[in-house]
Number of protein chains: 4
Amino acid sequence: MPKVSRAHRESRRQQILEAAITCFAREGFHRTSIQDIIAESGLSAGAIYGYFAGKDAIVAAIAENRHAHEAAMLARAMARDDLTTALHDLAHGYVDWLRDPDERRRRRVNIQLWAEALRNPEVGAIVQRGLELREPITRAFRAARRRGRIPASLDPDALSRAMLALLHGFILQQAWEPGIDAEAFLTVVEHVIDGLGRGADVRGRSQARRRGKRS
Amino acid sequence: MPKVSRAHRESRRQQILEAAITCFAREGFHRTSIQDIIAESGLSAGAIYGYFAGKDAIVAAIAENRHAHEAAMLARAMARDDLTTALHDLAHGYVDWLRDPDERRRRRVNIQLWAEALRNPEVGAIVQRGLELREPITRAFRAARRRGRIPASLDPDALSRAMLALLHGFILQQAWEPGIDAEAFLTVVEHVIDGLGRGADVRGRSQARRRGKRS
Amino acid sequence: MPKVSRAHRESRRQQILEAAITCFAREGFHRTSIQDIIAESGLSAGAIYGYFAGKDAIVAAIAENRHAHEAAMLARAMARDDLTTALHDLAHGYVDWLRDPDERRRRRVNIQLWAEALRNPEVGAIVQRGLELREPITRAFRAARRRGRIPASLDPDALSRAMLALLHGFILQQAWEPGIDAEAFLTVVEHVIDGLGRGADVRGRSQARRRGKRS
Amino acid sequence: MPKVSRAHRESRRQQILEAAITCFAREGFHRTSIQDIIAESGLSAGAIYGYFAGKDAIVAAIAENRHAHEAAMLARAMARDDLTTALHDLAHGYVDWLRDPDERRRRRVNIQLWAEALRNPEVGAIVQRGLELREPITRAFRAARRRGRIPASLDPDALSRAMLALLHGFILQQAWEPGIDAEAFLTVVEHVIDGLGRGADVRGRSQARRRGKRS
DNA sequence: GATGAATGAGACTTCATTCAT
DNA sequence: AATGAATGAAGTCTCATTCAT
């Protein structure tokens, strides 16, 4: 039925999304008209609508791409056995990402998606799914706490939230001040990660050990 | 009804800004039409334009208010002598703020301002000035490091960035998931704050003192 | 009944009209808002409406002033006994008027009134009355023709039209090119006036010559 | 219905301009809203803006058309070898034009353009270029004066101005009083044209002298 | 499948006028 | 009488989307 191959369709789709990202990074979602995307992509109005139902669908598709990217980054990091190593990997992954000049453009779009998520239910759902990627981290913290490597006073969910908050917060700062020193920030994050276990002995290594023996 | 007092003018201004915040929180800047603000405020189109040059001016005025609010919150915290106490205060201040149901509405607008700052130079400048509020924290970290209370490996600027990132990141999360447990997050943040000095004594109080002498 | 003297009212009226002329000369009728006139006059909106029913009434009042001015200029010229002298006087009057720098501003408004007359019946009526001022000239031409000083082939009405056309046409040119040489134009107009009698011999040179000798 | 021919585009453009002229002749530029032109043209708002950037661009395009028309009329007349014949042709051309009932509508627009030229620089430039069309006439007068057929006291530039002024002035009168007798006016204009050479004997030329003796 | 001209609702903004003070 | 804030209809223009070719 399709006169063009699936590969061709997919490449056209990407062409449109790339053009849209360029426009969105430059002017924001709402200041970008479909005409702008048409001009940037080199396609025609009709062609765009052959691939996407409308502007919102393009925004959703970009959000989806971003989500897939984050999921992959996280999966890579979480493949590590050790929580601390995994968190370091994750932090490094983010900082490498922050350095990529092409990704910088995309991150401007990310921040807009964060705002868009507040109103657009479709984007909201995708951001929500992005937040669920925290789950493996939370589970790892929970395990670490059970093993007494994290103080019992710290909520595993709150811990993974804090990790994500640090990274999101820095993404904002870098978008606002592109020249900032990611390396120095990374050092602080690593210091924070390494310090999370501090005080874990207070409520008892022994207890944790006992728990550990049981399991 | 001409010849109104300055107080009256100011109250009208606030009336418009409040209406705008309500609309922006509900639908976002760009999905909110001036007509929506008119309807919400109970004023007429012409009246709005007597107070603001246009939608962008309203957005900028809101950004300005937000900035003033943050500056006040920071100034309150930074009045403390001790850095750790100040940071705890700051974190508590943010969390109290996060709890205020009326402020919740406003924070949704804040996040939109963060995105808007990327494209609207006027809003960008205001966000920029917000970032400069970090300066007293950075200075406090610098002083603490000099006194050996913070490891020399940690950059004061990066430290204050990390503090801000944690808070900004959490604001995002709370906007996306209004029901999350701010208390548990606060506990983690306090743990992180308390742990920042870790390692400073290992490598030595004495060492720090020596460094101090050298410089 | 009036709390202010009639003289005061009249001076206020003129103040408004002057401000309006300034605005109209600068931006045209339609690009000038009542607010502009308010600002230029230094009065308040309410005050303006105490003197004029609206913008159209201001325009009509200005047209009326212009008409009175032209009528006076014409009456002055037509006081002359001799047609040729009268026409010379009239032409000189116009050219003097063209030289007055303050009148230059007003003439820009005149041209707009010419256009406005096509659509605004009130202004149209005033312009119409301006055209009726041609009547004494037409009568003078008719008399001159009867006396054989103008060829019988020339219609007195058309002659007075031609005189007016020359002057109106030059007003246009001067408005478009403020630097043009009015003197040289006047010379041509005088030459044309003096030549109108050429060929009048058909219906009686002798009679004309006799009269000519007398003058 | 995409991919339309150039001819189709051009016809649409003319359709819009015709509708605009109808509206402008009826109500004037400023009392005509874009909606009026839309209704008159039978197109949609968006379509109009696909052809013209806005109302001013439509006005400018009309001015451009008018200019082309005048240029053509002048070129036709100036093709004549003899100045007097050329001027007669020109006058006849104008008067024929004045008679055309469809052109009558357009002339109302012309007068508005004259006023508009005072404030709208784009229209001003086009009117300016219209005035430059006088140049061939001026040159012809200069040549005639050199040959002694025009008195040396008359400035060629002022002479061509006077010709134009007569015609412009009459256009005004005809717009204000549509019923006036163009024929009678034409007779006067021809009389004036024929009389321009009168008095040329001052600077000599036997031919000129002979004419001079007769009068 | 692709094209891009056309649609028309709706966005922002202005401004003549009113009227409470 | 004077003021000038407020009104709200009306103006200009944009833009997501459709559909004849």
Side-chain angles (χ1 to χ4, degrees), chain A residues 1-4 8-9 12 30-39 42-58, chain B residues 1-5 8-9 12 30-39 41-58, chain C residues 1-4 8-9 12 30-39 42-58, chain D residues 1-5 8-9 12 30-39 41-58:
Chain A
M1 183 256 291
K3 285 198 186 141
V4 295
H8 180 260
R9 266 195 81 78
R12 271 270 197 275
H30 303 282
R31 287 176 144 82
T32 296
S33 70
I34 288 277
Q35 281 308 322
D36 294 334
I37 298 175
I38 289 165
L43 296 175
S44 69
I48 303 277
Y49 281 87
Y51 291 92
F52 295 97
K55 201 175 166 183
D56 285 353
I58 294 176
Chain B
M1 62 208 54
K3 268 298 190 290
V4 294
S5 66
H8 178 263
R9 265 197 82 78
R12 271 274 195 274
H30 303 284
R31 288 175 143 81
T32 296
S33 72
I34 288 279
Q35 281 308 325
D36 294 335
I37 299 175
I38 288 164
S41 70
L43 296 176
S44 67
I48 303 278
Y49 283 87
Y51 291 90
F52 295 97
K55 204 174 162 183
D56 285 354
I58 294 177
Chain C
M1 182 253 293
K3 286 200 184 135
V4 295
H8 179 260
R9 266 197 81 81
R12 272 271 196 275
H30 302 283
R31 285 176 146 83
T32 295
S33 70
I34 288 277
Q35 281 307 322
D36 294 334
I37 299 175
I38 289 165
L43 297 175
S44 67
I48 303 276
Y49 281 86
Y51 291 92
F52 295 97
K55 201 175 166 182
D56 285 353
I58 295 176
Chain D
M1 60 207 62
K3 269 291 177 327
V4 294
S5 65
H8 178 262
R9 263 198 84 78
R12 271 272 194 275
H30 302 283
R31 287 176 144 81
T32 295
S33 71
I34 288 279
Q35 282 307 325
D36 294 336
I37 299 175
I38 288 164
S41 69
L43 296 176
S44 67
I48 304 278
Y49 283 88
Y51 291 90
F52 295 97
K55 204 173 162 183
D56 285 354
I58 295 177

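Each chain gets a letter, A, B and so on, in the order the sequences are listed, and its residues count up from 1. Keep in mind it's a predicted model, so treat the numbers as computed, not measured. Only this structure's heavy atoms are used, side chains among them; waters, hydrogens and symmetry mates stay out.
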> Under 4.0 angstrom, heavy atoms only, what part of the nucleic acid is Y51(B) near: base, sugar-phosphate, or nothing?
Replying inline: sugar-phosphate
> Just how far, in rounded Å, is P of dT21(F) from NE2 of H8(D)?
Replying inline: 10 Å
> Tell me, do I48(B) and S41(B) make a side-chain contact under 4.5 Å, heavy atoms counted?
Replying inline: yes
> For I48(C) and dT18(E), what is the distance between atoms CD1 and P respectively, to the nearest whole Å?
Replying inline: 14 Å
>> If I take atom NE2 from residue H30(C) and atom NE2 from residue H30(D), how far apart are they, to the nearest 0.5 angstrom?
In response: 5.0 Å
> Can you check the F52(C) CZ to dA16(E) P distance for me, whole Å?
Replying inline: 15 Å
> Starting at the 5' end of DNA chain E, which residue's closest nucleotide do you reach first, I38(C) or D56(B)?
Replying inline: D56(B)
> Do you know which two heavy atoms are closest between D36(D) and R31(D), and how far apart they sit?
Replying inline: OD2-O, 3.7 Å
>> Would you say that Y51(A) contacts I58(A) through its side chain, given a criterion of any heavy-atom pair below 4.5 Å between the two side chains?
In response: no
> So which heavy atom on A53(A) is nearest to which on A57(A), and how close?
Replying inline: N-CB, 3.8 Å
> According to a 3.5 Å limit on both distances, what stems of 3 or more consecutive Watson-Crick or G-U pairs are formed with DNA chain F?
Replying inline: E:2-21 with F:2-21
>> Return whichever of D36(D) or L43(C) has its heavy-atom-nearest nucleotide of DNA chain F closer to the 5' end.
In response: L43(C)
Would you tabulate the pairs of protein nitrogen or oxygen atoms and nucleotide nitrogen or oxygen atoms of nucleotides 14-16 of chain F closer than 3.5 angstrom?
unit_1	atom_1	unit_2	atom_2	d
dA16(F)	OP1	K55(A)	NZ	3.3
dA16(F)	OP2	I34(A)	N	2.4

> Going by heavy atoms in the side chains, are L43(D) and R12(D) under 4.5 Å from each other?
Replying inline: yes
> Do the side-chain N or O atoms of R12(B) get closer than 4.0 angstrom to the phosphate oxygens (OP1, OP2) of dA6(F)?
Replying inline: yes
